[in-house]
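Accompanying notes for the structure given below.
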Amino acid sequence: SLRYLPTTSVVYPTSNNIKAVTFFGTNFQELDFSNFNLCRVRLWENLQLEKLILTGIDLSPMASGGNCITDPLPFFGLVPNELDTRDNPNLRFICVDDAPFAATNFSDDVEPYVTFTENCSLSGSDYNVIEGNLTFDLNTNGCTSGASAVPNRLVITEAADVTLGTATNELGEYLLNVGEGMYTTS
């Protein structure tokens with residue numbers, strides 16, 4: 001667990017048994033946990049953080065609930081499985097191996113302006129935005145009035161070499177950060 005450290009780099013051994021990471025208030029712009037055996041990632045108030053890389057990780061334990069570490073830790077008790085990236089205002093991308101799976105399973109504790117991507121070359125400084133509202137046309141009037149917001153629905157956009165995903169918020173709004181190119185959104 002790193003809290004409010006001014007450092008901008010930490011080096012972990014390439015082979016490790018780290019299962020849970022917690023970073024609060026650090027100055028990191030990018031965190032790369034590729035190929036770690038993580039079941040908990042908790043990142044809060046990292047004001048410089050633009051990108052998180054979680055490739056080569058089986059994300060299903062984080063999505064399943066339960067406890068990541070079952071031996072009670074002093075002061076902490078059991079450690080739950082989770083991916084929680086709240087209050088990182090510059091975080092735009094979480095790079096994963098399966099963007100639709102991540103967007104479907106982690107929308108509750110990931111801010112709506114964060115996009116799950118399979119293209120790790122995207123960064124916080126070179127992106128465009130696809131945004132909109134997903135509504136259900138109850139009155140068959142073209143959504144001009146009386147349309148209902150569709151919350152927590154997976155929104156995917158794809159280009160020739162990349163799939164990105166997010167989920168709609170409680171108002172049916174979505175935002176996808178994308179690189180340059182032509183995208184098909186569904």
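- Contact annotation: the side chain of Pro100 approaches that of Glu118 to within less than 4.5 Å [non-hydrogen atoms, C-beta and beyond].
- Considering all non-hydrogen atoms of both residues, Ala167 and Ala103 come closest at CB-O, 3.9 Å.
- Residues Tyr174 and Asn169 have side chains not in contact (no heavy-atom distance under 4.5 Å, counting atoms from C-beta outward).
- A single hydrophobic cluster is seen to contain both Ile18 and Phe28, as judged by linkage of ILVMFWY side chains at heavy-atom distances under 4.5 Å, directly or through other members.
- A heavy-atom distance below 4.5 Å is found between the side chains of Val21 and Phe33.
- Between Ala149 and Gly172, the shortest heavy-atom contact is CB-N, 3.9 Å.
- Between Glu50 and Arg92 there is no salt bridge, since no side-chain nitrogen of the basic residue lies less than 4.0 Å from a carboxylate oxygen of the acidic one.
- The number of heavy atoms from other shown groups lying within 6.0 Å of CZ (Arg42) is above 12.
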Val178/Thr157 under side-chain contact (heavy atoms from CB on, under 4.5 Å): CA gap, chis, key distance, verdict: CA-CA 9 Å; Val178 299; Thr157 193; 3.9 Å; yes
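- Ser121 contributes atom OG, which lies 7.5 Å from atom CG of Asp161 (distance to the nearest 0.5 angstrom).
- One N or O on the side chain of Lys51 and one on the backbone of Cys120 form a donor-acceptor pair closer than 3.5 Å.
- Between the CG atom of Leu31 and the CD1 atom of Ile53 there is a distance of 9.0 Å, given to the nearest 0.5 Å.
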Verdict with supporting geometry, Leu59 and Val96, side-chain contact (heavy atoms from CB on, under 4.5 Å): CA-CA 9 Å; Leu59 296 177; Val96 295; 3.8 Å; yes
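- Looking at heavy atoms from C-beta onward, Val110 lies in side-chain contact with Phe116 at the 4.5 angstrom threshold.
- Using a 4.5 Å cut-off on side-chain heavy atoms (C-beta onward), Leu49 and Leu43 make contact.
- Side-chain contact check for Asn128 versus Ile130: every heavy-atom pair is 4.5 Å or farther apart.
- Two residues are said to be in side-chain contact when any heavy atoms from C-beta on lie closer than 4.5 Å; Val129 and Asn177 meet this criterion.
- Defined by atom type and a distance below 3.5 Å, a donor-acceptor pair is missing between the side-chain atoms of Asn119 and Thr117.
- In this structure, Leu91 CG and Asn46 CG are separated by 9.0 Å, a value rounded to the nearest 0.5 Å.
- Side-chain contact, Ser34 with Thr55: a donor N or O sits under 3.5 Å from an acceptor N or O.
- Distance check: Leu171 CG to Leu134 CG gives 12.0 Å after rounding to the nearest 0.5 Å.
- Looking only at side-chain heavy atoms (C-beta outward), Lys19 and Leu38 stay at 4.5 Å or farther from each other.
- Leu54 CG to Leu52 CG: the interatomic distance, rounded to the nearest 0.5 Å, is 4.0 Å.
- Hydrophobic clustering (side-chain heavy atoms under 4.5 Å, transitive across Ile, Leu, Val, Met, Phe, Trp, Tyr) groups Val162 together with Leu176.
- With hydrogens and angles ignored, the 3.5 Å screen pairs a side-chain donor or acceptor of Thr168 with a backbone N or O of Asn152.
- Here CG of Leu83 is found 11.0 Å from CZ of Arg40. Values are rounded to the nearest 0.5 Å.
- In terms of heavy-atom proximity, Ala99 sits nearest to Thr163 at CB-O, 3.5 Å.
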Chi angles and distances behind the side-chain contact (heavy atoms from CB on, under 4.5 Å) call for Tyr183, Leu164: CA-CA 10 Å; Tyr183 292 85; Leu164 301 108; 3.7 Å; yes
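- The two residues Ala63 and Phe101 have their closest heavy-atom pair at CB-CZ, 3.9 Å.
- Side chain of Glu111 to main chain of Asp87: a donor-acceptor pair is present (N/O by atom type, distance under 3.5 Å, no hydrogens or angles).
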Evaluation steps, side-chain contact (heavy atoms from CB on, under 4.5 Å), between Thr115 and Ile94: CA-CA 6 Å; Thr115 299; Ile94 299 178; over 6 Å; no
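- Side-chain contact of Trp44 with Asp84: a donor-acceptor pair under 3.5 Å is present, judged by distance alone.
- Checking side-chain atoms of Asn88 against main-chain N and O of Thr85 turns up a donor-acceptor pair under 3.5 Å.
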